[in-house]
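Quick notes on the structure that follows.
Order of listing sets the numbers, starting from 1, for every ligand and every atom in it. Atom set for the values below is all heavy atoms of this structure, side chains included, hydrogens, waters and symmetry mates excluded. Counting begins at 1 with the first residue of the sequence. Since the model is a prediction, treat every value here as computed from it, not as a measurement.
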Amino acid sequence: MTNKKYVYLFTEGNAKMRNLLGGKGANLAEMTNLGIPVPQGFTVSTEACIKYHDDGKSISKDIILQINDALTELEKITGKSFGISDNPLLLSVRSGARVSMPGMMDTILNLGLNDITVEKIAKLTNNIRFAYDSYRRFIQMFSDVVMGIEKRKFEDLIDRVKEEKGVKIDTELDENDLRKLVIQFKELYIKEIGNPFPEDPRQQLIEAVSAVFRSWNNPRAIVYRRLNDIPGEWGTGVNVQSMVFGNMGNTSGTGVAFTRNPATGENKIFGEYLINAQGEDVVAGIRTPQPITKLKEDSPKCYDEFINIAHKLENHYKDIQDMEFTIEQGKLYFLQTRNGKRTAQAALKIAVDMVNEGSITKEEAILKVEPRQLETLLHPAFDLDEIKRAAAIAKGLPASPGAACGKIYFTAEEAKKHHEKGEKVILVRLETSPEDIEGMIAAEGILTVRGGMTSHAAVVARGMGTCCVAGCGKISINEEKKLLKADGKSYNEGDYVSLDGSTGNVYGEAIKTTVPTISGNFEIFMKWADQIKKLQVRTNADTPSEAKEAIKFGAKGIGLCRTEHMFFEADRIPAVREMIVASTAEQRKKALDKLLPMQKKDFIGIYEAMEGNPVTIRFLDPPLHEFLPSEEEDIRALAKEMGISFEELKTTIASLHEFNPMMGHRGCRLTVSYPEIAEMQTTAIIEAAIEVNKKKGFNIVPEIMIPLVAEIKELKFVKDIVVKTANQVIEKSEEKLKYSVGTMIEIPRAALTADEIAKEAEFFSFGTNDLTQMTFGFSRDDAGKFLNDYYENKIYEFDPFEKLDQVGVGKLVKMAVELGRKTRPDIHLGICGEHGGDPSSVEFCHATGLDYVSCSPFRVPLARLASAQAQVKNPR
Ligand code: PEP
Ligand code: MG
């Protein structure tokens, strides 16, 4: 037997013990310490939850003993006894993790009731109906939450009794009806479980505590944790609290309230309550609650006390509080308090107001807004009433946030055509490729059946700020028949669907969307974030319009300009294909001559849009399969353009087929085979910079980035071409221009040999999309198909393409940072994989000492805030 303490009375804890007691438990203890009237109780710790799971889902004897000791203390505090007595102690049992996880587990109320105690309660309260109503509710909750018997089966029994009696609502049932229901509920319990309903309160309690522990690993909780970055190893606490009753007549009641308005942030108490009711009634919406101000009329004394305590709690926690309270026969109790969940608008207003009121510092304010919430301010959202009523027909990956509603089209051409006619369209594809770009631009939202969080659709949609649900394997499509099937229903071209890019939900109907307004608080708040942050934020932008958008969102430069993305437009793709399939240097040169002016023009646009901020341009890195023509008519047109036969071109294309394109002839490997590509790109980058510097008086120092490097000699080979070409161009122009040459670190071998690589590279940018792909050895585009099985089996807790795997991939990043700095102490370091826009990964980059993160334009505000938060939490 160990001496470890697993059970804490509320009088033994405090707010700092959140990790051990969970948020709810720590707050109940803190309120007790503050002298606030809290029905007393105890918390079974999060460590007990972990132990329960480690012990093969069983509660150890030691913990049971500690629970019994705590019960004895509670009996002393309350003057009641748990079990058979004239004054029985009844308990509520609730979960409470370190951070609140709404809806993870329901509450169990009135625990301790049985055939004897119910009679005692009836006598004590002089209210038989109340006692039996509490009893039948308890049996129902226990059976549902602890034993997993469907709620519906109990509801059916209630409906039957009401029908027999000819009444409509529950409150019309009298004590005899409720006695009858208790008997029927118990019969149902035996039928479902095979044993009688447990009459022993101690057995009830241990089973309820076990059920809360079990619920930590139910599928709902696992999904919630993944979405909210909550590690499985935290566990949940269980709060066991003595019951107070809000349903003991008209001097009793129960309610919930916030110290400020959680939707708007307005500094005014906001809440509602019900007279003569239990908490459940408020939540279930059986009766319409009154605004909290009405309490002032019903009980001025309780109202004043309530307001005083609410203010005390807000001042104490320095944050908006979400409180539950009960009034039992004129006496006010606080059942819980926690920092209130709020909309993004409210979060900003509250943070700014509290600084202005002098109650918190700017640093504290920075920690009060969730970085991810900022995204909701920048994208359309669903109308709240409409979305509540809608049911999803499928769920894919939440690839690019926002809400979209429109008519479905299965090809980019159709999407574009109908968009031009003024329709709102949703582009539905198996997966997207560069050819779809115009349809993607036209679409309100993009839905793909295949592909992961870094698939073409996901990356491009995020860049454009367009809502996207990717890898939605739950739908099937037939492009020829223009048919989408999901959840047993069929949807034709032109039918409405709605997409939620923040949850991955797909709805088979039109749902209204709204565009949120950005208030002045956003500007004020983000300025504070910028003053605090050390790790800079750049953007991944491939076009002048994306660059402009990113500047608007506060980007301080471009960390990644993917030059192959510039070739997606319909009028450019033929020239790119011509370059790829060219079988002679002459053919390739002809194609490159066509591309040079286009690239130069784009670079000029980008430099201008970035207003003199630094720009990193990456050399061509097209996975060939994304660019090769597959349709016969495209192949014919290209053959004609190149002056070769259809058959010859088909043979060339076939010879370029790769079994593993992600590990194929990409990145710098292309330049090793075809140096003229690097020559063309260098010329465009340098000429454009010279022109813009001259025209605008900027001092742009282009950063030329070489992708997919694994070996120093490979980098040197390409760099030599760059330097030779750049110097020639500069010399010819008779102007002065500085430029730098660096590399992406996106292949494990590059990270392992970063000290060597740094001899040639003036900067590193971590390409964590490829680095993750190659470290795990699974494809960016295919992992989505099986990662779910990994989550379900608790092998991985999150998608490593979304959130950096700090243990493995992060180790390579750290190693490369150290090795790179050893060779070149002033080496400039950044990250440009999708992780640059993920809050926990930003925190990692800050701690690792990178100079900047780079992410898609719409994530720039999020990254700025995450960077400031990282500095507040861990100054550097
Ligand atoms: C990466 O691999 O992280 C990266 C940014 O490059 P891409 O996504 O274009 O391969
Ligand atoms: Mg890459």
Does atom NZ (Lys594) have a neighbourhood of more than 12 heavy atoms from anything else shown, all under 6.0 Å?
yes
Classify the ring geometry between Phe786 and Phe778 as parallel (under 30°), tilted (30 to 60°) or perpendicular (over 60°).
perpendicular
Test side chain to side chain donor-acceptor pair (under 3.5 Å) on Arg538 and Thr616; report intermediate values, then the result.
CA-CA 10 Å; Arg538 293 193 184 188; Thr616 304; 3.1 Å; yes
N/O pairs closer than 3.5 Å, ligand 1 and protein:
{"from": "ligand 1", "atom 1": "2 (O)", "to": "Glu746", "atom 2": "OE1", "distance (Å)": "2.9"}
{"from": "ligand 1", "atom 1": "2 (O)", "to": "Asp770", "atom 2": "N", "distance (Å)": "2.9"}
{"from": "ligand 1", "atom 1": "2 (O)", "to": "Asp770", "atom 2": "OD2", "distance (Å)": "3.0"}
{"from": "ligand 1", "atom 1": "3 (O)", "to": "Gly767", "atom 2": "O", "distance (Å)": "3.3"}
{"from": "ligand 1", "atom 1": "3 (O)", "to": "Thr768", "atom 2": "N", "distance (Å)": "3.0"}
{"from": "ligand 1", "atom 1": "3 (O)", "to": "Asn769", "atom 2": "N", "distance (Å)": "2.7"}
{"from": "ligand 1", "atom 1": "3 (O)", "to": "Asn769", "atom 2": "ND2", "distance (Å)": "3.3"}
{"from": "ligand 1", "atom 1": "6 (O)", "to": "Arg618", "atom 2": "NH1", "distance (Å)": "2.9"}
{"from": "ligand 1", "atom 1": "8 (O)", "to": "Arg562", "atom 2": "NH2", "distance (Å)": "2.8"}
{"from": "ligand 1", "atom 1": "8 (O)", "to": "Asn769", "atom 2": "ND2", "distance (Å)": "2.9"}
{"from": "ligand 1", "atom 1": "8 (O)", "to": "Arg780", "atom 2": "NH2", "distance (Å)": "2.8"}
{"from": "ligand 1", "atom 1": "9 (O)", "to": "Arg562", "atom 2": "NE", "distance (Å)": "2.8"}
{"from": "ligand 1", "atom 1": "9 (O)", "to": "Arg562", "atom 2": "NH2", "distance (Å)": "3.4"}
{"from": "ligand 1", "atom 1": "9 (O)", "to": "Arg618", "atom 2": "NH1", "distance (Å)": "3.0"}
{"from": "ligand 1", "atom 1": "9 (O)", "to": "Arg618", "atom 2": "NH2", "distance (Å)": "2.9"}
{"from": "ligand 1", "atom 1": "10 (O)", "to": "Arg666", "atom 2": "NH2", "distance (Å)": "3.3"}
{"from": "ligand 1", "atom 1": "10 (O)", "to": "Asp770", "atom 2": "OD2", "distance (Å)": "2.9"}
{"from": "ligand 1", "atom 1": "10 (O)", "to": "Arg780", "atom 2": "NH1", "distance (Å)": "2.9"}

Is any side-chain N of the basic residue among [X] and [Y] closer than 4.0 Å to the acidic one's carboxylate O?
| X | Y | answer |
| --- | --- | --- |
| Asp593 | Lys589 | yes |
| Asp530 | Arg864 | yes |
| Lys803 | Asp229 | yes |

Just jot down the side-chain contact (heavy atoms from CB on, under 4.5 Å) partners of Glu370, sequence neighbours excluded, or say none.
Gln373
side-chain contact (heavy atoms from CB on, under 4.5 Å) filter on Glu676, not counting sequence neighbours, yields Ala585, Arg588, Leu592, Tyr674, Glu679
Would you tell me whether Gln681 and Gln599 have side-chain atoms, one donor and one acceptor, within less than 3.5 Å of each other?
yes
Tally of protein N/O/S atoms under 2.8 Å from the Mg ion (ligand 2)?
2
